[in-house]
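Have a look at the structure below, then the notes.
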Amino acid sequence: MTSITLLLLAIILSSRTSGATSRGGLFEASAVAEKHEQWMARFHRVYSDESEKTNRFEIFKKNLEFVERHNMNTNITYTLDVSQFSDLTDEEFRARYMGLVVPEDMLRISSSGSHKKVSFRHENVSDTGENMDWRQEGAVTSVKNQGHCGVCWAFSAVAAVEGITQIAKGELLSLSEQQLLDCSRDYNQGCAGGIMSKAFEYIIENQGITTEDNYPYQESQQTCSSTYSVAATISGYETVPSNDEQSLLKAVSKQPVSVAINGHEPAFKQYRSGIFDGDCGTQLTHAVTVVGYGMSEEGIKYWLLKNSWGRTWGENGYMRIKRDVDAPEGMCGLARLAFYPLA
Ligand SMILES: *[C@@H]1O[C@H](CO)[C@@H](O)[C@H](O)[C@H]1NC(C)=O
Ligand SMILES: *[C@@H]1O[C@H](CO)[C@@H](O)[C@H](O)[C@H]1NC(C)=O
């Protein structure tokens, strides 16, 4: 070979190498695009046009990067995954899905225990045991999905009523969130938000609630219907003493409990598995139901939360979240405001 041939070969080889490198970069971008397509198919997302799709792709990409950066850490106790919310900005997610609205004076009252003594019937419970899973006791219906409606407050309340009904009567019934969405209008604002205690008050005044089958979920507020038969009743409800995970433990050892939580942070909305101890504040924006507690093989204590974002989120719709943390408010504020209905 002449030196010119060698030189040409060298040029060809080096251009191939740099070509491969730029293809590598392109490949990465197309991999994200492919993940976006797969995600769109998985969550049945359809965009109105290409510019909408481009906008959503950019947001999806940021969320995907957030998820993958977290999962690369080696010492994490929980993993993340893209969820049905991953093409929304944090602000959009919060505005569309966070449906907990706490009356202004409620946190003041429940945290100033001395001047208003709330009755807490589980205060002397001592046999809480190491773990509890109300699913195994048959007191938890399958995970539901609130869809595009900020009505977490009704799902949280219904899950607690389903729980106490099964515990008291031995029958597990799936009850109607739509009835609360349509009819519990004292303070509560339908898809724009509400609070579980007002939902319990409605059920007490209405002398019961009907089943999911009789009054199925429709994802938006409709006219309140009264053409159903009552399936479950409650006689009252109580508030768990605030900022005390020990009191919450006593209550959850006896029944599923409705809790308010900080649920709008990027890690929470894209939680996949493990024991969550991610970034979150204590401002209460979402409502879920605590249906158990336990300790992992690694010795980390957790609460078991039932959410209403379908079965694709978290551990088949559930979250394990760190229990007995340093802050009295609990992880993500979950010990600040909790209620349970009475049989
Ligand atoms: C993981 O390691 C980082 C860096 O060493 C540390 O800051 C962080 O607190 C650790 N996280 C856990 C959950 O142990
Ligand atoms: C708990 O025990 C204390 C002391 O015996 C008693 O005064 C209180 O009434 C008990 N509370 C309940 C809810 O039974």
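Counting convention: from 1, in listed order, for ligands and their atoms alike.
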Minimum-distance protein heavy atom relative to atom 11 (N) of ligand 2: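 Going by distance alone, atom 11 (N) of ligand 2 is nearest to Asn124 ND2, 2.8 Å.
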For atom 13 (C) of ligand 2, closest protein heavy-atom neighbour: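 Looking only at protein heavy atoms, the one closest to atom 13 (C) of ligand 2 is Glu123 OE2, 3.7 Å.
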Qualifying residues under side-chain contact (heavy atoms from CB on, under 4.5 Å), relative to Asp49, sequence neighbours excluded: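 Asp49: side-chain contact (heavy atoms from CB on, under 4.5 Å) contacts with Ser51, Glu52.
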Glu92/Arg56 salt bridge by N-O under 4.0 Å criterion: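 Yes, charged N to carboxylate O under 4.0 Å.
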Protein heavy atom under 4.0 Å of atom 9 (O) of ligand 2: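 No, there is no protein heavy atom closer to it than 4.0 Å.
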Any non-hydrogen protein atom less than 4.0 Å away from atom 4 (C) of ligand 2: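 No.
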Geometric class of the Phe43/Trp39 ring pair [parallel <30°, tilted 30-60°, perpendicular >60°]: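 Rings of Trp39 and Phe43: tilted, as their planes differ by 30° to 60°.
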Ligand 2 to Arg121 polar contact by distance, N or O atoms, under 3.5 Å: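 No; the residue has no nitrogen or oxygen that sits under 3.5 Å from a nitrogen or oxygen of the ligand.
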Under the salt bridge (Lys or Arg N to Asp or Glu O under 4.0 Å) test, residues paired with Arg121 that sit two or more places apart: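 Here the qualifying residues are Glu238.
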Val151 vs Trp153 side-chain heavy atoms within contact, under 4.5 Å: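 Contact flag for Val151/Trp153 side chains = yes.
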